[in-house]
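By convention in this document, chain letters (A, B, ...) are assigned in the order of the sequence lines, proteins followed by strands, and residues within each chain are numbered from 1.
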Amino acid sequence: MKTGKVFKYGDHIDTDAIIAARYLNVSDFGALSTHCMEDIDESFASNVRHGDYIVAGENFGCGSSREHAPAVIKACGVTAVIAKSFARIFYRNAINIGLPIVECKDAADAIRAGDEVYVDLAHGKVTDATTGETFTFPPYPKEIQKIIDRGGLLND
Amino acid sequence: MTLTQQILSRHYRNKPLVAGEMIMADVDLALGNDITSPVAINAFKAAGGDKVFDPDKIAVVLDHFVPNKDIESARQCACCRAFAAEQSIKNFFDVGQMGIEHALLPEKGLALPEMLIVGADSHTCTYGALGCFSTGVGSTDLAYVFKTGKLWFRVPEAIKVTLKGKLRPIVSGKDVILDIIGRIGVSGARYASLEFMGDVSSLTMDDRFTVCNMAIEAGAKNGIFPVDDITLEYVKVRSDKKFDKTKAADLSDAVYAKEITVDLDALTPTVARPHLPENTVTLDEIASERIKVDQVVIGSCTNGRLSDLESAYRVLKGNKVAKGVRVIIIPATQDVYVRALRAGYIEAFIEAGAVVSTPTCGPCLGGYMGILSDNETAIATTNRNFIGRMGAKTSSIYLASPYTAARAALLGYIG
């Protein structure tokens, strides 16, 4: 994956923060992406560039089952989300739609907002190009890797 | 195996399972609503979906922004309506029949013990109260079930929650689950099942629905109660199917990752402060702060059932809501609404100065029917108090039981 800039958030970033339910009267993820992170970071949607990364703390994506949450992050052009841990429905939604997610405590602790990072999914490695630090994460369970390899659950 | 693992096993060729295993299990019922179904329908069609695997195993409930709050919502509902007609989905609930999905499906006898249920709504975990495995999933998951009747699961570890004693009359299932979330945190049960044991007969079905409903608020995959006389009593008037009670021997080899105990006798009304459900305090502790409320919401899939309205009625009847407080009461289903009407609750609410809405998720997720302005405060019987959940991002939500919320309606503050 290419190098991108980091937007950093804390623990328990919920799906209402990622995309508020008040906008879910439409299902167009491109249109919804202009509201991504709106209630906790008004400038995110206008500042994020294709290829950037989100780094966060514990339990990222907790709350609602809305698939709109990983879908708008993907529609914003975010390459991957790196977090200490993910809420379980967000985790399966991200895998199912082909948004790369990386669970890596050390990386999530060390990487700072604005750092340039890149992820090597195949070798389980996160690199902070700004500081030169590298971090490793374990491979996905093989059944999940198969879904990732297909680019999503519904891709044959 | 645990209760959850046994049900998953029965839906996976009876293969014995251990926590952490990945399985592709058979689904008995798949649910979508007016927000999540359109995304699933689009995904189903984009993946070349023609006919769903079994229309009788799919339920679509229009409840979040329904009756339609605007043109866009109306279009999403029209999409669901067309799909239900085209696929001959008989369990399609539109205005007039609909209620909040997680109150409606058990009421209609569609959620039953031993089933494996998934829903594209995080509070699908509610049905575990009936002794089934039930969990929230995404829209692509739902589309996959539409196509195949199956879905992937990671077999969860279990947290055993032993209930001891009996609740006092003013204490309810909401206080039980808020207490648990306060103790283990919003990610304390992440990926795990919460399995309730011990003196479960102290909890009514409505209490159990509320407890399981908020299992997701501790990060759990599902919550589950054993099947007992109370379950069978609830189910027998709603289904012809026969079910067995859970026996202690069934769980002799169950392995639990963690065990916690809830002392029901000692439990008192509990409140979760903004902006996470884990920020709990007892009502006694918070009362001295006299936190002023602008709005009170009594309803939702968590607490919009008849017994919830009854506990609000006991507090509100013959009294007037405090000046400057907007009180919104939302029966969860048409059946709850008409029973509350016959019992005199609705008249008492209106005379007290509250408004009563048709069933809808409405304000719980900041949809409509009671949105908060800047810096406003609400006490709600709903399930989430995240930033901006019920309106402006500077607004605040305190979560509590119908009893506690109704008290605040009269006092004008939490107390």
Side-chain angles (χ1 to χ4, degrees), chain A residues 11-29 31-32 35 38-42 57-71 84-98 140-147 152-156, chain B residues 20 22-24 35-36 38-40 42-44 46-49 64-65 69-76 79 119-124 135-141 143-144 147 152 154 156 186-187 190-191 216-217 219-221 275-276 278 365-368 371 384 386-389 391 393:
Chain A
D11 293 337
H12 312 303
I13 300 302
D14 60 81
T15 50
D16 284 280
I18 298 169
I19 180 69
R22 60 182 171 272
Y23 298 120
L24 301 187
N25 52 357
V26 294
S27 309
D28 176 343
F29 301 133
L32 287 172
H35 299 294
E38 189 173 273
D39 283 359
I40 58 163
D41 181 1
E42 262 178 26
E58 300 285 357
N59 203 26
F60 185 85
C62 63
S64 158
S65 69
R66 67 189 68 148
E67 197 165 292
H68 313 65
K84 289 185 188 174
S85 63
F86 291 90
R88 68 159 275 279
I89 309 180
F90 184 93
Y91 181 95
R92 64 184 300 137
N93 283 343
I95 296 292
N96 284 347
I97 66 163
Y140 298 98
K142 66 178 191 305
E143 295 84 354
I144 289 184
Q145 186 62 50
K146 279 184 202 161
I147 300 173
L153 183 65
L154 289 166
N155 298 348
D156 289 323
Chain B
M22 302 291 296
I23 61 169
M24 188 60 87
I35 289 181
T36 58
V39 178
N42 292 342
F44 174 74
H64 277 60
F65 296 160
K69 80 181 181 89
D70 52 26
I71 295 167
E72 288 82 2
S73 308
R75 287 186 182 129
Q76 300 220 108
C79 164
D121 188 280
S122 61
H123 293 107
T124 303
T135 191
V137 299
S139 292
T140 296
D141 283 318
Y144 190 84
K147 275 191 88 170
W152 67 275
R154 178 184 173 280
V186 292
S187 61
R190 212 164 44 84
Y191 290 105
I216 176 72
E217 269 38 89
K221 185 181 204 112
H275 293 287
L276 284 176
E278 70 183 18
L365 74 163
Y368 69 140
I371 302 305
R384 293 190 176 129
F386 300 150
I387 291 169
R389 172 82 178 174
K393 67 179 181 183

Exercise for the section: Please look at A/Asn93 and chain B and tell me whether the side chain, the backbone, both or neither of the residue comes under 4.5 angstrom of a heavy atom of that chain. Expected result: side chain

Exercise for the section: Check each atom of A/Leu153 against the heavy atoms of chain B and say whether the ones under 4.5 Å are side chain, backbone, both or neither. Expected result: both

Practice task
Before giving the answer on side-chain hydrogen bond (donor to acceptor under 3.5 Å, both in side chains), spell out for B/Gln76 and A/Ser27 the whole-Å C-alpha distance, their side-chain angles and the decisive distance to 0.1 Å.
Solution key: CA-CA 8 Å; B/Gln76 300 220 108; A/Ser27 309; 2.4 Å; yes

Completion exercise
Honestly, the part of A/Leu24 sitting under 4.5 Å from a heavy atom of chain B is both

Practice task
Locate the shortest heavy-atom distance separating B/Ala43 from B/Ala143; write the atom from each residue and the value.
Solution key: CB-CB, 3.9 Å

Exercise for the section: Check each atom of B/Leu276 against the heavy atoms of chain A and say whether the ones under 4.5 Å are side chain, backbone, both or neither. Expected result: side chain

Handout entry: For chain A, the option from B/His275, B/Lys221, B/Arg389 that forms the most heavy-atom pairs under 4.5 Å
Key = B/Lys221

Problem - side-chain contact (heavy atoms from CB on, under 4.5 Å) between B/Glu217 and B/Val186, worked out - result: CA-CA 6 Å; B/Glu217 269 38 89; B/Val186 292; 5.7 Å; no

Exercise for the section: Answer yes when A/Arg66 and A/Asp16 have at least one side-chain N-carboxylate O distance shorter than 4.0 Å, and no when they do not. Expected result: yes

Exercise for the section: Give, as side chain, backbone, both or neither, the part of A/Ala20 having an atom under 4.5 angstrom from any heavy atom of chain B. Expected result: neither

Fill in the blank from the handout: Ranking A/Ile40, A/Asn155, A/Thr15, A/Asn96 by heavy-atom pairs under 4.5 Å to chain B gives rank one to A/Asn96

Exercise for the section: Verify whether one side chain among B/Ser187 and A/Arg88 offers a donor that lies under 3.5 Å from an acceptor in the other. Expected result: no

Practice task
With a 4.5 angstrom heavy-atom cut-off, could you sort out which part of A/Phe90 is near chain B: side chain, backbone, both or neither?
Solution key: neither

Practice task
Answer whether the closest heavy-atom distance between the side chains of A/Ile144 and A/Ile95 falls below 4.5 Å.
Solution key: yes

Exercise for the section: Compare all side-chain heavy atoms of B/Val137 with those of A/Glu67 and state whether any distance is below 4.5 angstrom. Expected result: no

Handout entry: Largest heavy-atom contact set with chain B, pairs under 4.5 Å, which of A/Cys62, A/Ser64, A/Ala17
Key = A/Ser64

Handout entry: Largest heavy-atom contact set with chain A, pairs under 4.5 Å, which of B/Phe65, B/Tyr144, B/Trp152
Key = B/Trp152

Problem - Largest heavy-atom contact set with chain B, pairs under 4.5 Å, which of A/Pro141, A/Ser85, A/Ala87 - result: A/Ser85

Practice task
Could you check which of B/Gly366, B/Gly367, B/Gly136, B/Gly388 has the highest count of heavy-atom pairs closer than 4.5 Å to chain A?
Solution key: B/Gly136

Practice task
Check whether any side-chain heavy atom of A/Ile89 sits under 4.5 Å from a side-chain heavy atom of B/Ile216, and report yes or no.
Solution key: yes

